[in-house]
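The block underneath contains the structure these notes are about, expressed in structure tokens.
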Amino acid sequence: MVDEYEAKLQRLAETTTLPDVPDYEKINKIPLFAFKNIESPKNNLVLYLSDMHIGAYVNQEGVYDNNYSRYELTRRLDKIYTHILDNMNNINSITVFNLGDALDGMNNRTTRIEHSHYLPQNMTNKEMCNTYIECVCEFFSKLSTITANLHFISVSESNHGGDLEYASTIALCSILNQKGIKTTLAKKSIDYIQTDFALFIYLHGKDTSDQFKPFPLTLNEKTENYFLDYLINYNLTGIKNTIIVKGDSHRSNLSKGKKFDYKSVSSLFGSSKWIHSNFGNTPWG
């Protein structure tokens, strides 16, 4: 299984012409993971994949480089896999979250009708769907060499991926289920799941239509009150290890609330030319 994956990766590399790819995580001195060499009888690893923006194109006129393609997406996922092998032992389970915006959009637009900004893309709608499904399946094939106890959990909507991503995720979950991998697809824009080691409330950070403002990078009083109300409404108060996890901000941050941790997850894509011009560089993570 591993040999077949590596052969496919090599074929992609040989047929893809790209400039030299900078090692962003070294340039910016940002660690990919918070853990170091861990040895214990039972490790449950949680991976957050967010804002992959498959199909996004950043040309050479951007302020910063971000050469993004199917090959580069595969390279980054493979780097995660290699890092796990190098840094963790005795893994009991791996849970992978998709926190939304896996697809860059549809027809060069986001799903929010008020957004008129044109999205430069290097894939068609069909190519984005196929790349998303195939690359995630390949990633899980690699993870299955570490442990057979795998779980894929996905949000059901986000402001870029929208219904196209939702339909693709249904197909992806069906394929993963056939491979013996457990899957969970959210029923609402904000959903929760209780695992053996934590309660996760997961969301993208902005929905497809209704949400006026995105949830912030760092926990503030208004956001904390919002999720305290959520915990009360769903009778989730009193659970000791509760984590609110979201994407959308393209940056990583961990805030501590009174009843939960609030985690913003960085983007596997990084940042676009438009973000370069307006907000600066956000390296992939």
Side-chain angles (χ1 to χ4, degrees), residues 33-35 38 40-51 80 84 88 90-102 136 139-140 143-144 146-158 161 165-166 169-170 172-208 211 214-216 218-219 223-249 252-266:
F33 296 88
F35 63 75
I38 298 173
S40 71
K42 186 176 181 181
N43 290 319
N44 296 299
L45 176 64
V46 180
L47 300 176
Y48 301 126
L49 298 181
S50 187
D51 295 88
I80 294 171
I84 296 168
M88 290 197 74
N90 304 319
I91 295 178
N92 173 64
S93 70
I94 300 177
T95 300
V96 180
F97 279 85
N98 165 43
L99 295 172
D101 281 359
V136 173
F139 183 55
F140 269 94
L143 295 179
S144 67
I146 301 174
T147 177
N149 191 2
L150 301 171
H151 190 181
F152 176 69
I153 304 171
S154 178
V155 300
S156 60
E157 61 174 284
S158 53
E165 181 179 328
Y166 175 72
T169 304
I170 291 176
L172 172 60
C173 287
S174 178
I175 295 170
L176 293 177
N177 286 337
Q178 292 178 5
K179 296 176 179 291
I181 297 167
K182 183 180 178 181
T183 63
T184 301
L185 179 58
K187 296 180 175 64
K188 299 180 179 181
S189 59
I190 302 175
D191 213 337
Y192 67 90
I193 185 167
Q194 176 75 63
T195 69
D196 293 337
F197 43 91
L199 168 68
F200 292 94
I201 298 173
Y202 60 104
L203 60 149
H204 173 60
K206 194 172 186 181
D207 63 17
T208 58
Q211 196 173 343
F215 285 102
T218 304
L219 186 65
T223 303
E224 184 168 17
N225 288 335
Y226 182 97
F227 283 108
L228 286 174
D229 286 343
Y230 185 95
L231 292 172
I232 293 170
N233 183 75
Y234 287 97
N235 296 316
L236 299 173
T237 57
I239 299 176
K240 187 175 182 180
N241 193 16
T242 299
I243 302 168
I244 315 290
V245 60
K246 58 168 282 291
D248 185 56
S249 300
S252 178
N253 185 270
L254 178 63
S255 307
K256 296 283 187 177
K258 295 176 182 177
K259 298 292 184 181
F260 53 80
D261 291 345
Y262 180 83
K263 172 65 180 171
S264 292
V265 177
S266 55

Candidate pair L228 and K259, rule side-chain contact (heavy atoms from CB on, under 4.5 Å), full reasoning: CA-CA 8 Å; L228 286 174; K259 298 292 184 181; 3.6 Å; yes
Less than 4.5 Å apart, any side-chain heavy atom of [X] and any of [Y]?
X    : Y    : result
D51  : V265 : no
L99  : K263 : no
M88  : I146 : no
T184 : Y202 : yes
L143 : I84  : yes
N241 : I243 : yes
Y226 : I190 : yes

For the student: nearest non-hydrogen atoms of [X] and [Y], plus distance:
X    : Y    : answer
A102 : E165 : N-OE1, 2.9 Å
D101 : G161 : OD1-N, 3.4 Å
P216 : S249 : C-OG, 4.3 Å
V155 : H204 : CG1-N, 3.8 Å
D191 : A186 : OD2-CA, 3.4 Å

Let me confirm one number: the [atom1]-[atom2] distance from [X] to [Y], rounded to the nearest 0.5 Å.
X    : Y    : atom1 : atom2 : answer
Y166 : S158 : OH    : OG    : 13.0 Å
L219 : K258 : CG    : NZ    : 10.5 Å
K187 : S156 : NZ    : OG    : 9.5 Å
T237 : N235 : OG1   : CG    : 7.0 Å
L199 : L231 : CG    : CG    : 7.0 Å
I80  : L49  : CD1   : CG    : 5.5 Å

Using 30° and 60° as the class boundaries, would you call the ring planes of [X] and [Y] parallel, tilted or perpendicular?
X    : Y    : result
Y230 : Y234 : tilted
F227 : F215 : tilted
F140 : F152 : perpendicular

Derivation and outcome, side chain to side chain donor-acceptor pair (under 3.5 Å), residues N92 and N44: CA-CA 6 Å; N92 173 64; N44 296 299; 2.9 Å; yes
Anything under 3.5 Å between a donor and an acceptor, one on a side chain of residues 174-183, the other on a protein residue two or more places apart or in another chain? List them.
unit_1 : atom_1 : unit_2 : atom_2 : d
N177   : OD1    : T183   : OG1    : 2.9
N177   : ND2    : C173   : O      : 3.1
N177   : ND2    : T183   : OG1    : 3.4

Candidate pair S264 and N253, rule side chain to side chain donor-acceptor pair (under 3.5 Å), full reasoning: CA-CA 5 Å; S264 292; N253 185 270; 5.6 Å; no
Under 3.5 Å: donor-acceptor pair, side chain of E224, backbone of G257: no
Criterion side-chain contact (heavy atoms from CB on, under 4.5 Å) on I244 and L203, from CA distance to verdict: CA-CA 8 Å; I244 315 290; L203 60 149; 4.1 Å; yes
Pair H151-S93, side chain to side chain donor-acceptor pair (under 3.5 Å): steps then yes or no: CA-CA 8 Å; H151 190 181; S93 70; over 6 Å; no
Result of checking T218, V245, T223 against Y262 for side chain to side chain contact (heavy atoms under 4.5 Å, CB included): T223
Residue D196 excluded, over 12 heavy atoms near CG under 6.0 Å: no
Over 12 non-hydrogen atoms of neighbours within 6.0 angstrom of CZ in F197: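 Yes, because the 6.0 Å sphere around CZ of F197 holds more than 12 heavy atoms from other groups.
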